[in-house]
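Just so you know, these numbers come straight off a predicted model, no measurement behind them. Worth knowing before you read on, the calculation uses all heavy atoms, side chains too, and leaves out hydrogens, waters and symmetry mates. In what follows, chains are A, B, ... by sequence order, proteins preceding strands, each numbered from 1.
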Amino acid sequence: MTRLAEPDRPWIFRTYAGHTSVDASNRLFRDNLARGQTGLSIAFDLPTQCGYSSDDEVARPEVGKVGVPINSLDDLRALFDGIPLDRMNTSMTINATAMWLYALYLALAEEQGVPAAALSGTTQNDIVKEYLARGTYIFPPGPSIRLIGDMYEHAVRNVPRFNPANVCSYHLQEAGATPVQELAYALSTAMLVLDELRDRGTLGRDELHQAVGRVSFFCNAVLRFVEELCKMRAFVELWDEICRDRYGVEDPQLRRFRYGVQVNSLGLTEEQPENNAWRIAIETLGVLLSRDARCRALQLPAWNEALSLPRPWDQQWSLRLQQVMAYETDLLSYPDLFEGSVVVAKEQARLVAGAREELARLDAVGGTLLALESGVMKAALVASQAERIGRIARGDQVVVGRNRYAEGAESPLVQGADGGLFHGSPAEAARTLARLHATRAARDEAGVAAALERLAVDARSGANLVPASVLCAHARVTTGEWAGALRGVFGEYRPPTGVEGQHLSLDQQAVDAIRARVDDLTRRRGRRPRLVVGKPGLDGHSNGAEMIAIAARHCGLDVVYAGIRLSAAEIARQAIAEDASVVGISVLSGSHLELTDQLLATLEAGGAGEIPVVVGGIVPAADAEALRRRGVRAVFTPRDYDLVAVVGRVLDVVDA
Amino acid sequence: MRDLARLITLVERDDAAAPALRAGPLAAIEGNLIAPVIGVTGAPGVGKSTLLGAVAAEIAGDRRVAIVAVDPSSPHSGGALLGDRLRMAIPHGDVFVRSQATAGTSGGLAPRTYPVLRVLRRLFDIVFVETVGVGQTEDDVRHVVDDLLLCVQPLAGDSIQHLKAGLMESPDAVVVTKCDEERLAASAVTELRATIGLARPDTDVAVVAVSARTGMGVSDLVARLRAVSVTRREEDADAWFVRRAVREAYGRQGLTRLAADPTAATASLDERLARALSFGSSPL
Ligand code: B12
Ligand SMILES: Nc1nc2c(ncn2[C@@H]2O[C@H](COP(=O)(O)OP(=O)(O)OP(=O)(O)O)[C@@H](O)[C@H]2O)c(=O)[nH]1
Ligand SMILES: [Mg+2]
């Protein structure tokens, strides 16, 4: 019999969803579940992820933009209205504030009489990749790892079906990681967390092994699906070995490499966006074809990924792809197709060997934490991204519709009245704020103060912070207050940017031409043109700003790049103090209008209204027009992939 | 701040029109009282900027603080990533930070760091200058500061090398950075004292351990820095700057042609520079 006696059950179908408000997101979740989605995957807005309440000054432009805002238990209750907690597998993309969302979830279950043991789901809770690639960090590494450890300790004993953390290689790859880097960095992160648990010594041997068994992963798959398939098999092999040799886990069940996937989005284009539908379908092959290394849960981006958040229909279209794959094909009827394949085995072995070497390199610089804090890991990722962008710019890596076959008929998908874009309802933020005010008005302030005090005391003493957090949840503490109390004890952290010392390999003739222009301008002005690049707001999409900073320096500009998560006012201050020739901001969080307004206003107020401003990021055409009307001199979007040309246009602005 | 920033640009400019444009504004402040200038130097990545951020944030409470931070330019493109200010986590911009690029000069400073320091010390209460991450020979900074801190990392073999080689000549204090753990601090300080005892037995160089991360030692260092006064004669620093420019333009040969300039005492730095450069180029 080559076929399985019983076809496998399909993986979990998820859609990464959430936006606007708890009410809007609740409707969205219920619709998606009604359409056959089998698990929830919640996107939170950036203030919730970065530990600010919706009424915080830094939060205001971002409330509900790219996810659902959660301020307190009242919000979470409304979000889950009509959704039974004990029958839902809930994946929450939440990291620095993961313990807070976990505590809210536990508190809600308690309120509804659902036993903790019946809860299943995941908080993403991988702080290493936040520092390296995703940007929603708050506290320094030490306390952050402790929070994760506390959650494992708590979950293993009280919520055994919950995965307190999901180690992510997904975001590393979106930040440029090669398959080998993805393997090595994710595995080293998992070991960092498990070492912490082991070295605490508070868990018994069995409990530690249970914790090992609860570690799940969140991976990525690009279009090179053969290599990706081998990468996933390499993960399975290496993880099994690590669990056995490093943590002494004997039960093979607990050593299973369990993982969810979102397929690659970095390669999805603004140009000819309909091609993305094919890309997404092909990318699923890498994580579905090989039964021994098949994902447990899958969520897919949509064809309009590079244009805006997906609309409901876009999400449905991607969900249908999963359903066709699972229910119409014979994929689930066979054992592993690659057993005995010499080619796959060799490719897998190559990746395993590469990952081992990379892991050894991390060890050589003193381990994951040191490699992280010293910037070694981040610089390696930025280098890989620069390498990738260089290949595409030179045409060495084909991207259909971008650097090859760029001419084509107009896509009917963007011809509708909405332009194929999701249009948010910014006015709904008022409802979120009203709910927050109602919560504050109704709660017992003494109880709030006591709960926050207990949180701070426990944070200082080293006690497990979950019970105090649950207490805070019941007391209607807000997200900003919970994080604020811990900020007070732990402090805040900004990781290295990785941009220093990077190289780009671009078309030399074009580069020489632009360097000559820069030199000429330098002679004429008596000073080299100076670009201040910044990312205002809570947006963590650093790729674009990093590449622009590196490219501008490569072309001969003096560049000040201060990393992500700055206030618009801070960027303006830098631009003024440095007497910038031009300020460039990069915004992919949907808040480009508000943040640009803030920047322009602060420059104006500082008497520097004449410093030209350019904006890049996910900016719909209508908004680009609006920005230009406000005085922005040039707007760039993903289709401006030729970095030399982008720097050229920035120079045009300086030399206007 | 906008006006100050633009004045600095004017002072940094090296086009022919600039000296005339800046003569007026510079003359207007020439007579101001001058503040001490403190240099921070050391190998790449030892923690100069981070430390300066911590120090400046503390001093800014009651003094006006300015910082000039120098980063290296790429020899290939001429461009630079000015990354120091990012490392200086100073809240609310109450410290004036200005970045400069070396633009091909060696020595650890940018071509016009000195003229900018000369302006800032007339407008602030205390001025810091961070050099590029330096090797063993780039010690121009010692000519322009009243107090020089050399940062070294604990247990870093190369920093010991620095100490043994030339750089040891200059600093007034050696700061051992990144001493996050007390134990590390103690052993590093002992080791350094011994090395310094050998290298400079005659002088009394302070050795301080700090951690910008934990804040350990920062207040003590700040107390020391608050006490720094102007000790270097500005004429000397001016003369060094002029000589360096001549040497850069014409090599050592040029220096031999540099006669004492009788107008030195009254002329502006730009005028002296221009005269010196014309002496330097005049035929023997
Ligand atoms: C990669 C990626 C990520 C990575 C980011 C890794 C990193 N360190 O940068 C990860 C996986 C971490 C990520 C996370 C999230 N993402 Co994302 N992500 C993307 C993706 C796929 C590509 C962006 C990218 O890096 N492109 C490559 C760079 C080089 O291109 P670029 O940024 O566009 O820059 C170019 C031009 O725009 C321009 N440019 C840009 N900035 C500037 C600045 C200047 C001065 C100049 C001159 C030019 C310029 O020049 C650049 C060179 O070509 C986009 C979709 C897409 N395909 O564009 C979604 C996308 C931006 N993400 C999105 C969202 C919602 C998120 C999340 C907020 C989800 C959530 N709720 O948690 C998270 C959280 C991130 C955070 N902290 O803010 C949305 C944003 C929606 C919106 N704006 O309305 C998008 C559009 C996807 C979607 N359709 O939903 N993401
Ligand atoms: N553990 C620890 N790390 C520190 C400390 N101070 C600085 N660092 C880290 O050391 C690295 C370099 O710090 P910088 O302040 O940029 O060093 P620098 O000497 O200014 O570097 P260059 O200007 O590039 O020569 C950064 O990753 C800092 O976070 C400290 O007190 N403790
Ligand atoms: Mg520095």
Side-chain angles (χ1 to χ4, degrees), chain A residues 140 373-375 491-494 496-497 499-504 511-512 514-515 518-519 522-533 549-563 566 569-570 572-581 603 606-611 647, chain B residues 1-19 21-22 44-45 50 53 66-67 69 71-74 76-104 110-112 133 178 180 213-215:
Chain A
E373 294 186 49
S374 63
E492 294 184 75
Y493 182 74
R494 288 181 77 80
T497 63
V499 297
E500 275 165 62
Q502 296 289 354
H503 296 285
L504 272 168
V511 171
D512 286 343
I514 205 155
R515 284 182 184 170
V518 173
D519 287 343
T522 304
R523 262 191 304 277
R524 280 190 283 125
R525 299 263 174 102
R527 180 193 193 217
R528 199 160 274 279
R530 179 166 290 206
L531 166 69
V532 167
V533 189
I550 295 168
R553 190 195 87 145
H554 187 74
C555 293
L557 275 74
D558 281 344
V559 179
V560 179
Y561 173 60
L566 302 169
E570 171 59 25
R573 243 187 325 263
Q574 288 182 7
I576 293 173
E578 298 290 354
D579 195 10
S581 319
L603 282 174
E610 75 279 13
I611 299 183
V647 176
Chain B
M1 181 160 84
R2 176 75 171 139
D3 294 340
L4 171 64
R6 304 197 64 168
L7 173 61
I8 292 175
T9 302
L10 202 49
V11 173
E12 285 173 345
R13 274 170 51 177
D14 62 2
D15 55 316
L21 293 172
R22 63 191 171 222
T50 314
I67 302 176
D71 279 300
S73 301
S74 154
H76 305 292
S77 75
L81 257 168
L82 306 169
D84 289 323
R85 73 175 301 132
L86 159 68
R87 293 267 165 231
M88 300 174 185
I90 303 165
H92 311 310
D94 41 12
V95 172
F96 181 80
V97 182
R98 180 65 172 241
S99 312
Q100 290 190 324
T102 53
R112 299 198 56 87
K178 307 188 190 178
D180 303 344
R213 167 91 32 102
T214 65

> So which heavy atom on B/Ala5 is nearest to which on A/Ile576, and how close?
Replying inline: CB-O, 2.9 Å
> Atom OG in B/Ser74, atom CG in A/Asp558: separation rounded to 0.5 Å?
Replying inline: 10.5 Å
> For A/Pro496, is it the side chain, the backbone, both or neither that has a heavy atom under 4.5 Å from a heavy atom of chain B?
Replying inline: both
>> Need one label for A/Val499: side chain, backbone, both or neither, based on atoms under 4.5 Å from any heavy atom in chain B.
In response: both
>> To the nearest 0.5 Å, what is the distance between CE on B/Met1 and CZ on A/Arg573?
In response: 7.0 Å
> Of all of B/Ser73, B/Ala80, B/Gly78, which one pairs up most often with chain A through heavy atoms under 4.5 Å apart?
Replying inline: B/Ala80
> Is there a side chain to side chain contact (heavy atoms under 4.5 Å, CB included) between A/Arg530 and B/Ser99 once you walk through the steps?
Replying inline: CA-CA 10 Å; A/Arg530 179 166 290 206; B/Ser99 312; 4.2 Å; yes
> Minimum heavy-atom separation for B/Leu81 to A/Tyr561, with atom names?
Replying inline: CD2-CB, 4.3 Å
> So which heavy atom on A/Arg527 is nearest to which on B/Thr9, and how close?
Replying inline: CD-CG2, 3.5 Å
>> For chain B, which candidate among A/Glu610, A/Arg524, A/Arg523, A/Arg494 shows the most heavy-atom pairs at distances under 4.5 Å?
In response: A/Glu610
> Between A/Gln502, A/Gln574, A/Glu500, which has the largest tally of heavy atom pairs under 4.5 Å with chain B?
Replying inline: A/Gln574
> Does the pair A/Asp579/B/Arg2 count as a salt bridge with the N-to-O cut at 4.0 Å?
Replying inline: yes
> Of all of B/Leu86, B/Asp84, B/Asp15, B/Leu82, which one pairs up most often with chain A through heavy atoms under 4.5 Å apart?
Replying inline: B/Leu82
> Between A/Arg528 and chain B, which part of the residue has a heavy atom less than 4.5 Å away: side chain, backbone, both or neither?
Replying inline: side chain
>> Tell me the closest heavy-atom pair linking A/Ala577 and B/Arg85, and the distance in Å.
In response: CB-NH1, 4.1 Å
>> Below 4.5 Å, heavy-atom pairs only: which of B/Arg213, B/Arg98, B/Arg13, B/Gln100 has the largest tally toward chain A?
In response: B/Arg98
> Is any side-chain N of the basic residue among B/Lys178 and A/Glu373 closer than 4.0 Å to the acidic one's carboxylate O?
Replying inline: no
